[in-house]
Amino acid sequence: MYPVLTALLFLLLTQPPPVLQGPPAPTPDEIRHRLLELVNEERAAAGAGPLHLREPLNRVAQQNAEEARDNEGAMYDEKSIPRIQDRLRQAGYEAHGWHQAFVAGKENPDALVAWIKRENPDAYKLLTDPDYHELGIGISDLKGTPLYDFFLAWRESESFARQTVGLSDLAKARTDMLARVNAERAKAGRPPLKLDPRLNEAAQKHAEDMLLRSYYNHFSPEKTSPQDRVRKAGYAPHIVAENIARGPFAVDEAMDNWMQSREHRGNILHPAFRDLGVGIAVGRNSVGLTVLWVQDFGAP
């Protein structure tokens with residue numbers, strides 16, 4: 001028994017002393033979420049809404065941060081724009097606009113955000129900009145120093161929704177269009193028009209059909225004409241004309257464009273017309289997010 005006990009005692013005595021380990025280092029995702037909490041505290045104090053981490057933007061920001069690391073600090077120039085736009089497309093994020101800020105030198109998220117607030121006003125202004133709502137954070141290093149890329153972006157759909165919010169009330173948009181048309185006709189000494197529900201119906205259906213089937217023409221794919229459409233809506237015309245437009249986000253923008261075109265302006269100011277119909281379709285088709293406008297003019 002003694003040799004066995006002696007051997008066991010020797011084994012125990014020769015083991016190295018236990019190493020006291022601290023808490024595990026935070027993961028990159030834990031760092032991202034802590035940075036998000038801190039940035040959103042600053043945004044709340046500034047009266048801005050919170051940012052939301054988005055995985056596609058995290059991927060883009062991570063690629064940007066690693067590229068800066070590999071290029072030894074060459075973080076951004078105009079040649080980077082196509083690469084970043086391509087990364088956004090590959091990540092499935094349709095961005096209307098984006099901005100980024102690289103920050104290096106602080107390992108602790110609390111210390112990093114405090115330093116940005118105190119020493120880097122440009123980055124702080126970006127992080128608290130109320131126009132942005134989505135964020136990605138890339139984490140790498142620059143010659144051994146932690147490097148962060150804060151990448152903020154607007155989705156194309158978000159920007160589009162902001163720009164077209166004034167068209168959500170179709171009745172008001174039609175009233176605004178009628179007022180602008182009649183203002184132009186008054187300047188030209190023409191009698192005012194009135195909105196006709198049948199022409200509204202014809203114009204609206206044509207706008208929605210162009211959006212749904214991704215075409216842009218006075219004639220449908222089946223060769224249906226403006227005259228055909230207004231007759232189908234129950235309007236018996238003596239004379240009919242139509243203006244269409246694609247892209248403008250507001251009544252005045254659409255009218256300004258039409259008034260700069262001789263043919264479109266001629267329809268708006270034609271002295272024989274008495275009635276107006278307005279159609280507006282807002283949404284996505286094969287050309288992307290867009291607005292399609294239709295004016296149908298008539299005299300019974």
Side-chain angles (χ1 to χ4, degrees), residues 96-97 131 154-220 225-227 229-230 233 235 237 239-300:
H96 175 76
D131 285 337
W154 284 356
R155 290 182 186 270
E156 184 184 12
S157 57
E158 178 187 346
S159 175
F160 182 76
R162 293 183 192 182
Q163 292 172 301
T164 58
V165 66
L167 303 179
S168 58
D169 186 338
L170 180 57
K172 182 179 184 304
R174 283 174 170 156
T175 299
D176 292 345
M177 179 70 78
L178 177 67
R180 177 66 190 275
V181 166
N182 281 338
E184 298 293 346
R185 288 176 66 86
K187 287 190 290 185
R190 304 291 191 261
L193 305 182
K194 65 180 186 299
L195 285 174
D196 185 284
R198 297 163 296 181
L199 295 183
N200 279 340
E201 178 185 344
Q204 187 63 30
K205 286 185 176 179
H206 187 47
E208 292 174 357
D209 190 50
M210 287 193 294
L211 179 67
L212 178 65
R213 297 199 284 171
S214 296
Y215 70 96
Y216 181 65
N217 201 298
H218 292 289
F219 292 87
S220 74
S225 69
Q227 292 89 340
R229 290 189 290 271
V230 301
Y235 188 94
I239 182 173
V240 170
E242 184 176 83
N243 287 342
I244 62 175
R246 179 171 59 193
F249 294 137
V251 167
D252 282 337
E253 183 183 0
M255 280 294 298
D256 288 345
N257 292 345
W258 280 326
M259 290 300 293
Q260 292 172 17
S261 162
R262 182 178 61 84
E263 292 181 356
H264 296 92
R265 183 175 65 252
N267 288 337
I268 291 169
L269 301 181
H270 197 295
F273 290 130
R274 294 294 179 265
D275 301 315
L276 172 68
V278 178
I280 306 170
V282 180
R284 182 188 294 276
N285 62 16
S286 64
V287 303
L289 291 166
T290 191
V291 183
L292 285 156
W293 301 76
V294 179
Q295 289 179 324
D296 280 335
F297 301 90

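Values below: all heavy atoms of this structure, side chains included; hydrogens, waters and symmetry mates excluded.
If you take CG on Leu292 and CG on Asp209, they are separated by 10.5 Å, rounding to the nearest 0.5 Å. Here CG of Leu269 is found 8.5 Å from CZ of Phe297. Values are rounded to the nearest 0.5 Å. Rounding to the nearest 0.5 Å gives a distance of 11.5 Å between NE2 of His270 and CG of Leu193. Summarising the geometry, atom CD belonging to Glu184 is positioned 4.0 Å from atom NZ belonging to Lys187; distances are rounded to the nearest 0.5 Å. In this structure, Glu201 CD and Leu199 CG are separated by 10.0 Å, a value rounded to the nearest 0.5 Å. Rounded to the nearest 0.5 angstrom, Arg174 CZ and Asn200 CG are separated by 4.0 Å.
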I'd like a table of donor-acceptor pairs (distance under 3.5 Å, sequence neighbours excluded) in which one partner is a side-chain atom from residues 276-289, with atom names and distances.
from	atom 1	to	atom 2	distance (Å)
Arg284	NH1	Glu94	OE1	3.4
Arg284	NH2	Glu94	OE1	3.2
Asn285	OD1	Val287	N	3.0
Asn285	ND2	Leu211	O	3.4
Ser286	OG	Ser214	OG	3.3

Donor-acceptor pairs under 3.5 Å, side chain of residues 242-253 to any protein atom, not counting sequence neighbours: which ones?
from	atom 1	to	atom 2	distance (Å)
Glu242	OE1	His218	ND1	2.9
Glu242	OE1	Arg229	NH2	3.1
Glu242	OE2	Arg229	NH2	3.1
Asn243	OD1	Asn267	ND2	2.8
Asn243	ND2	His264	O	3.3
Asn243	ND2	Gln295	OE1	3.0
Asp252	OD1	Arg180	NH1	3.1
Glu253	OE1	Phe249	N	2.9

Pairs of donor and acceptor atoms involving the side chains of residues 160-168, under 3.5 Å and at least two apart or interchain, shall be tabulated with distances.
from	atom 1	to	atom 2	distance (Å)
Arg162	NH2	Asp131	O	2.7
Arg162	NH2	His133	NE2	3.2
Arg162	NH2	Glu158	OE2	2.5
Gln163	OE1	Ser159	OG	3.4
Thr164	OG1	Phe160	O	2.8
Ser168	OG	Val165	O	2.9

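Judged as a side-chain hydrogen bond (donor to acceptor under 3.5 Å, both in side chains), and not counting sequence neighbours, Arg185 has no contacts. When the salt bridge (charged side-chain N to carboxylate O under 4.0 Å, His left out) test is applied to Arg198, the partners found at least two apart in sequence or on another chain are Asp196. By the salt bridge (charged side-chain N to carboxylate O under 4.0 Å, His left out) test, Glu208 pairs with no residue at all, sequence neighbours left out.
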message: Show, in sequence, the C-alpha distance, side-chain angles and deciding distance for Tyr235 and Asp296, and conclude whether the side-chain contact (heavy atoms from CB on, under 4.5 Å) test is met.
response: CA-CA 11 Å; Tyr235 188 94; Asp296 280 335; over 6 Å; no

- request: Decide side-chain contact (heavy atoms from CB on, under 4.5 Å) for Ile268 and Arg190; before the verdict, give the C-alpha distance in whole Å, the side-chain angles of both, and the deciding distance to 0.1 Å.
  value: CA-CA 10 Å; Ile268 291 169; Arg190 304 291 191 261; over 6 Å; no

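Scanning both residues, Phe273 and Ala241, for their nearest heavy atoms gives CZ-CB, 3.4 Å. Closest non-hydrogen pair, Tyr216 versus Met210, comes out as CA-SD, 3.9 Å.
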